[in-house]
Number of protein chains: 2
Amino acid sequence: MPATIRDVAKASGVHVSTVSRAFSAPQLVNAETRAHVLAAAEELGYRPNRAARALITGRTHNIGLIVADIANPFFPPLIKAAESHARGRDYHVFVADTNEDAGVEEELVLALAKQVDGVLLCSPRMSNTQIEQLSREVPLVVVNRPVPGLPAVVMDVAQGARLAVEHLVALGHREIALLGGPRGSWTNREIRRAATLAARNAGAELVVLGPNAPTEESGSAQAEAVLRAGVSAVLAYNDLMAVGLIDALDHRGVKVPDQISVVGIDDTALSRRTRPMLTTVATPTAAAGRAAVDMLLQHGDDRRTTALVTLQTELVIRDSSGPGPHRTAGPGRRQQPPVDGVASESRE
Amino acid sequence: MPATIRDVAKASGVHVSTVSRAFSAPQLVNAETRAHVLAAAEELGYRPNRAARALITGRTHNIGLIVADIANPFFPPLIKAAESHARGRDYHVFVADTNEDAGVEEELVLALAKQVDGVLLCSPRMSNTQIEQLSREVPLVVVNRPVPGLPAVVMDVAQGARLAVEHLVALGHREIALLGGPRGSWTNREIRRAATLAARNAGAELVVLGPNAPTEESGSAQAEAVLRAGVSAVLAYNDLMAVGLIDALDHRGVKVPDQISVVGIDDTALSRRTRPMLTTVATPTAAAGRAAVDMLLQHGDDRRTTALVTLQTELVIRDSSGPGPHRTAGPGRRQQPPVDGVASESRE
DNA sequence: AGTTCTGCTGCAAACGTTTGTAGTCGCATG
DNA sequence: CATGCGACTACAAACGTTTGCAGCAGAACT
């Protein structure tokens with residue numbers, strides 16, 4: 001029923017190959033002929049069949065995008081940016097959701113492999129070995145984790161964690177808890193490493209609580225542990241957990257930030273909606289989505305490149321972090337941290 | 001490079017057609033032969049090329065999902081449910097985002113048309129006529145709006161609006177504002193109609209403010225108008241606007257719900273995170289996603305069916321709605337409704 | 001014994017494109 | 001006048017499947 005290239009050829013009195021070239025190689029066909037063809041195509045409402053084209057060219061003009069959980073507010077901006085960016089380059093995007101399950105992750109990559117020109121693997125929970133294996137099936141770009149030999153885009157979350165810890169120390173906190181994220185998360189390891197280091201350098205103590213699922217619930221569930229740990233400040237793996245923690249503290253009558261300061265990571269839409277508004281590390285999720293698409297389209301088939309894009313993060317100071325018990329002197333609560341560079345502009 | 005059906009045929013010593021049937025019509029091939037074939041396929045890591053299959057069968061096993069704004073918390077649960085449901089039926093989902101723009105909507109449907117077996121059009125802003133036209137290009141299921149002659153799944157948001165208004169009236173509110181949603185939204189018209197009717201029946205006055213973009217910002221922007229209107233309660237087009245409004249009221253020192261009650265619609269994840277927690281109308285978004293997929297897969301090619309699935313909504317009473325100036329007697333603010341059935345709760 | 005049936009498998013055409021190769025034509029070149 | 005070239009177009013093979021049809025055993029009827 002739908003018009004094919006043959007219908008167009010018939011209608012414009014030329015051969016199908018000419019029609020094809022009229023679309024994909026305009027310089028090879030007489031301008032006049034081309035005009036005829038295009039008119040006929042328009043007339044018939046012809047749209048090339050991408051499946052047929054894919055069959056012969058080997059490129060589907062589709063890309064896969066695999067995330068851990070669409071409902072996690074971290075991902076929608078990334079998905080949105082990637083989709084829109086890809087569409088601008090005439091690519092369509094398959095979105096799939098793994099429910100934070102490494103097994104589903106693998107299955108999805110395999111299922112999508114023959115259907116797409118490449119896959120954007122966001123925050124994978126698989127092992128590097130598994131990922132490398134999969135990259136033999138289909139070009140992969142990994143987001144939020146560097147994998148040796150594969151193109152990846154990561155956020156400098158270590159920098160963010162450092163800034164967060166320094167911010168808390170500057171406010172007078174000496175005992176800080178880190179609400180760890182999920183096992184298998186590179187980001188989690190980075191945060192932990194950087195936060196530990198930053199704390200040590202600043203003469204503060206860092207207690208690690210976790211690993212935990214990156215959800216609001218598990219943030220709430222850790223409230224007891226936080227209180228038991230006797231800390232005056234908490235850095236959470238992400239905003240979701242920070243929000244859950246604040247809620248649970250609130251229920252127990254613990255005031256944030258008066259009694260405990262809480263800092264999140266990601267600067268999701270959520271962070272502006274909590275009371276108090278959340279101090280958090282902003283990660284450039286939309287930029288990451290676009291960068292990942294670019295890398296995929298650019299590298300095309302030469303997998304096993306070692307390209308790594310690192311995006312900067314910054315600390316956004318709001319109301320959930322305040323003076324700690326060891327406050328000596330210095331800036332007021334909402335004031336900018338002393339720091340160099342990135343930290344000093346908290347955009348809002 | 002990747003194994004084709006021909007490789008499998010060669011490896012297992014049968015004809016390609018037998019291999020094909022071993023996968024798609026098991027009853028037509030000898031069990032033993034089939035086992036051989038499957039073993040060989042497994043060995044070679046063979047996965048059928050969906051593009052080639054689509055070419056001949058005419059079914060791509062893909063479906064398109066078009067939403068107004070992925071970042072709007074209303075949509076992720078719907079997308080997630082649809083994707084997972086579709087995958088269970090061996091379908092993959094293209095997700096695209098229109099940025100609330102009717103023009104982009106049309107373009108997207110057309111772009112996806114040849115690539116999918118059908119499109120789920122969520123909360124379209126186009127005219128019915130346009131939608132009907134597009135349905136000639138590709139099977140369509142409309143979500144959140146009934147379109148004559150097309151399969152659709154809608155939420156009984158009128159019911160929800162009625163319950164919300166009745167709830168407010170029962171609490172003693174007589175002047176209620178409705179924060180209208182976007183122009184072109186069927187849901188918006190429904191809410192308005194039902195709320196107006198419910199208010200009239202209950203002897204209350206309803207002021208309509210709008211239309212507005214369905215965003216937090218425009219909710220905040222209407223705070224002044226709400227105060228000027230002198231109402232004691234507000235029903236918002238969605239949670240996002242309700243949240244924005246609450247924020248803005250808070251900034252002005254207006255207490256919710258003590259001075260003004262606010263009720264949202266959608267029961268997004270947001271609503272449990274606001275202070276006070278939002279009273280809202282729960283819409284079954286995940287169920288809608290699944291239902292839409294089912295309808296699409298079921299109707300297959302017979303477009304122009306008139307099937308309409310209506311999903312029930314219910315009122316979730318939390319803390320943002322409280323007693324109004326005309327309180328006489330009745331249930332306490334946080335009291336549970338008399339349960340059994342969604343509708344009965346605010347009958348009094 | 002011949003016939004029909006059943007269960008399985010092979011053959012080959014099709015699906016809608018792209019693309020290498022070969023042809024045609026007119027025209028300038030030598 | 002032959003030759004070659006440039007600009008264009010037609011031909012046909014290929015991509016990896018599915019599927020109607022035919023073929024061929026052997027079993028089960030008549």
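Per chain, numbering begins at 1; letters A, B, ... match sequence-line order. It should be emphasised that the depicted structure is a prediction, and the values quoted were computed from it without experimental measurement.
Contact between the side-chain N/O atoms of A/Asn30 and the OP1/OP2 oxygens of D/dC8 is found at a separation under 4.0 Å. A/Thr18 has no side-chain polar atom (N or O) that falls below the 4.0 Å cut-off from OP1 or OP2 of D/dC8.
Here the closest non-hydrogen pair linking B/Val142 and B/Pro124 is CG1-CG, 3.7 Å. The heavy-atom pair separating A/Thr60 from A/Arg50 by the smallest distance is O-NE, 4.2 Å.
In this structure, B/His61 atom NE2 and D/dG16 atom P are separated by 20 Å, rounded to whole Å. Counting to the nearest Å, the P atom of C/dC15 and the CG atom of B/Asn49 are 18 Å from each other. The separation between A/Arg59 atom CZ and C/dG16 atom C1' is 19 Å, rounded to whole Å. The interatomic distance linking B/Lys114 (NZ) with C/dT17 (P) rounds to 9 Å, in whole Å. Atom CZ of A/Phe23 and atom P of C/dT18 are 9 Å apart (whole Å). Look at NE2 on B/His36: it is 11 Å from P on C/dT9, rounded to the nearest Å. Rounded to whole Å, atom P of D/dA22 lies 17 Å from atom CG of B/Leu28. Taking atom CD of residue A/Gln115 and atom P of nucleotide D/dC15, one finds them 20 Å apart after rounding to whole Å.
Using a 4.0 Å heavy-atom criterion, one finds that B/Thr33 contacts the sugar-phosphate atoms exclusively. Residue-level contact check: A/Thr4 touches the backbone only, with heavy atoms under 4.0 Å from sugar-phosphate atoms and none from bases. Among the protein residues, B/Arg6 comes within range of the nucleic acid bases, having at least one heavy atom under 4.0 Å from a base atom. Residue-level contact check: A/Thr57 touches the backbone only, with heavy atoms under 4.0 Å from sugar-phosphate atoms and none from bases.
In summary, the side chains of A/Glu100 and A/Asn72 do not present any donor paired with an acceptor at a separation below 3.5 Å, with no hydrogens or angles considered.
Remark: the backbone N or O of B/Ser123 is not paired with any side-chain donor or acceptor of B/Asn144 at under 3.5 angstrom.
The residue among B/Ile56 and A/Tyr46 whose nearest nucleotide of DNA chain C is located toward the 5' end is B/Ile56. Across the interface with DNA chain D, nearest-nucleotide mapping of A/Gly13 and B/Ala51 shows A/Gly13 to be the residue nearer the 5′ end. Summary of the strand contacts: B/Leu55 and B/Gln27 both lie near DNA chain C, and taking for each the nucleotide with the nearest heavy atom, the more 5' one is attributed to B/Gln27.
Contact annotation: side chain of B/Arg21 to base of C/dG10, donor-acceptor pair present below 3.5 Å.
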* Asked: Would A/Leu134 and A/Glu106 count as a side chain to side chain contact (heavy atoms under 4.5 Å, CB included) if you check the C-alpha gap in whole Å, the side-chain angles of each, and the deciding distance to 0.1 Å?
  -> CA-CA 8 Å; A/Leu134 287 177; A/Glu106 177 172 17; 4.1 Å; yes
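Aromatic ring pairs are classed by plane angle as parallel below 30°, tilted from 30° to 60° and perpendicular above 60°; the pair A/Phe94 and B/Phe94 is parallel.
Comparing C/dT18, C/dC11, C/dT17 against the side chain of B/Ser17 picks out C/dC11 as the nearest. For B/Val14, counting side-chain heavy atoms from C-beta on, the closest listed nucleotide (C/dG10, D/dT17, D/dT9) is C/dG10. Checking C/dC11, C/dG16, D/dG16 against every side-chain atom of B/His15, the shortest atom distance belongs to C/dC11.
Looking at residues two or more places apart in sequence or on another chain, you find no ring pair (Phe, Tyr, Trp, His ring centres under 6.0 Å) involving B/His15. With sequence neighbours left out, B/Asn30 forms a side-chain hydrogen bond (donor to acceptor under 3.5 Å, both in side chains) with no residue at all.
End-to-end axis angle of the helix from C/dA1-D/dT30 to C/dG30-D/dC1, from C1' rotation axes over five pairs per end: 60° (rounded to 10 degrees).
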